[in-house]
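Contents: one structure, followed by commentary.
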Amino acid sequence: MMYDAFDNQHSDEIAALLAVASEGSFVAAGRLLQRHPTVVSKRVAAMEARLGIRLIERTTRQVRLTDAGMQLTQKLRTAINLITEAEQEASAGAAEVRGTLRLALPAAMGRQWLAPLMPAFLVAYPQVSIVADYSERFVDIIAEGFDLAIRMGELHDSRLIAKKLGDHRRILCASPAYIAAHGLPGSPQALAQHNCLRFSGFATFPQWRLSNGSQQQTVLVAGSMTSNDSEALLAAACAGSGILAAGEWLMSRDIAAGKLVRVLPDWQLDAPGGIYLVRPSARFAAASTLAFKAWIEERFRTGLPWQIGGN
């Protein structure tokens with residue numbers, strides 16, 4: 001296996017050979033490595049036995065590299081230089097804002113509200129490139145190698161370092177046309193008599209669990225459309241098909257445009273959740289990770305970009 005070259009025995013053999021090559025004798029190599037000359041000689045002999053070729057010609061007066069030994073030491077020095085450069089580059093990545101940043105972002109919310117922010121970050125940090133994965137699936141950012149993620153709802157993974165960016169509210173809305181045709185429900189239980197557009201990704205599906213801060217009510221809702229795609233349900237709500245319960249971030253623009261109206265404005269789905277920036281660890285974070293963390297926190301510090309007011 002390729003990793004065998006990095007075990008202790010092989011590393012000691014390589015160090016012994018390179019020391020002899022640079023110092024010209026086992027005695028001088030021993031002084032360099034702080035080992036007895038016989039130890040250095042045994043390590044070179046073990047390497048020769050393992051490779052099946054003589055690397056050093058030994059005489060009573062001197063030692064010299066064979067042709068095979070010279071070729072091997074040249075390549076080993078090149079390899080060590082590459083390893084040193086790789087370590088230096090990795091260390092520089094902790095101080096310089098550069099390199100590739102892998103982000104896991106929620107699909108619909110990410111496309112609507114986060115994607116427009118990314119160009120400004122890239123302008124601020126021109127040596128950084130972003131690989132953004134937009135998905136509604138649960139992403140294991142540690143196993144899949146992401147640097148950061150934006151998540152909504154509750155956090156259950158104790159391995160992650162999380163920073164709350166804001167509250168995540170799920171509200172109820174319908175179009176003016178639907179309200180004109182069917183009226184407004186006067187209570188959560190009245191939703192059972194309405195056409196409700198159901199998102200199958202809710203933990204309580206097919207029930208809606210509503211809260212007004214002091215009370216909770218659970219309603220089994222039904223309707224003409226069920227989907228795991230929130231944007232498809234939003235289109236149906238705007239077209240007058242029914243009442244939609246969804247994130248405030250999803251419906252705020254259509255509320256501002258008059259395409260949707262709040263239904264039961266004192267009630268929300270579930271208790272308010274959070275919008276979090278999460279990362280695998282706070283230790284040894286790359287400068288690009290810390291820069292994005294500070295940058296996105298600043299974007300959210302003055303309030304959520306989709307906030308429409310109200311409680």
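All figures in this text were calculated on a predicted structure; none of them were measured in a lab. If you read the sequence from its start, that first residue is 1, and numbering goes on from there.
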Exercise for review: Is it possible for you to say whether M225 and L260 belong to one hydrophobic cluster, with membership spreading through side-chain heavy-atom contacts below 4.5 Å?
Suggested key: yes

Revision key, fill the gap. Rounding to 0.5 Å, atoms CD1 (I56) and CE (M70) come to a distance of 12.0 Å

Exercise for review: Under the side-chain contact (heavy atoms from CB on, under 4.5 Å) rule, what do L105 and D133 come out as? Steps first, then yes or no, please.
Suggested key: CA-CA 6 Å; L105 305 172; D133 183 273; over 6 Å; no

Practice item. Please report the C-alpha distance between L101 and V131 in whole Å, then the side-chain angles of each, then the deciding distance to 0.1 Å, and finally whether the side-chain contact (heavy atoms from CB on, under 4.5 Å) criterion is met. Key: CA-CA 6 Å; L101 193 61; V131 176; over 6 Å; no

Review point. Can E144 and R102 be counted as an ion pair, charged N to O under 4.0 angstrom?
Key: no

**Study point:** Electrostatic pair E23-R31, nearest N-O below 4.0 angstrom
**Key:** no

Review point. How long is the span from the CG atom in L184 to the CG atom in L172, to the nearest 0.5 Å?
Key: 11.0 Å

Check your understanding: When rounded to the nearest 0.5 angstrom, what is the spacing between CG in L191 and CD1 in I243?
Key -> 5.5 Å

Check your understanding: Is V63 reachable from I53 through a run of hydrophobic residues whose side-chain heavy atoms are each under 4.5 Å from the next?
Key -> yes

Check your understanding: Would L277 end up clustered with L117 when hydrophobic side chains under 4.5 Å apart are linked, directly or stepwise?
Key -> yes

Practice item. Would you give the length of the straight line joining atom CG of L32 to atom OG of S22, rounded to the nearest 0.5 angstrom? Key: 5.5 Å

Exercise for review: Just do the side-chain contact (heavy atoms from CB on, under 4.5 Å) check on V278 and L148 with the steps written out, would you?
Suggested key: CA-CA 6 Å; V278 298; L148 293 156; over 6 Å; no

Practice item. State yes or no: are the ring centers of F205 and F199 separated by less than 6.0 Å? Key: no

Exercise for review: Report yes or no: do S200 and N228 form a side-chain donor-acceptor pair below 3.5 Å?
Suggested key: no

Practice item. List the atom of S288, the atom of F121, and the distance in Å for their closest heavy-atom pair. Key: O-CZ, 4.4 Å

Check your understanding: For L197 and S241, which heavy atoms make the closest approach, and how far apart are they?
Key -> CD2-CB, 4.2 Å

Exercise for review: Go through the steps to decide whether E48 and R58 satisfy the test salt bridge (Lys or Arg N to Asp or Glu O under 4.0 Å), and finish with yes or no.
Suggested key: CA-CA 13 Å; E48 290 175 326; R58 301 160 177 82; 3.2 Å; yes

Practice item. Decide whether T100 and S129 meet the rule of one side-chain donor and one side-chain acceptor closer than 3.5 Å. Key: yes

Check your understanding: Does the side-chain contact (heavy atoms from CB on, under 4.5 Å) test come out yes or no for V40 and V20, once each step is laid out?
Key -> CA-CA 8 Å; V40 177; V20 172; 3.7 Å; yes

Review point. Is the shortest side-chain N to carboxylate O distance from E298 to K163 below 4.0 Å?
Key: no

Exercise for review: Flag the pair W306 / W113 as yes when their ring centroid distance falls below 6.0 Å, and as no otherwise.
Suggested key: yes

**Study point:** Distance (rounded to the nearest 0.5 Å) between F300 CZ and L304 CG
**Key:** 6.5 Å

Exercise for review: Measure up the H194 and Y178 rings against each other and bin them: parallel (under 30°), tilted (30 to 60°), perpendicular (over 60°).
Suggested key: tilted

Point to revise | Interatomic spacing from CG in L114 to CG in L103 - rounded to 0.5 Å | key: 9.5 Å

Check your understanding: Charged N to carboxylate O under 4.0 angstrom, E248 versus R169?
Key -> yes

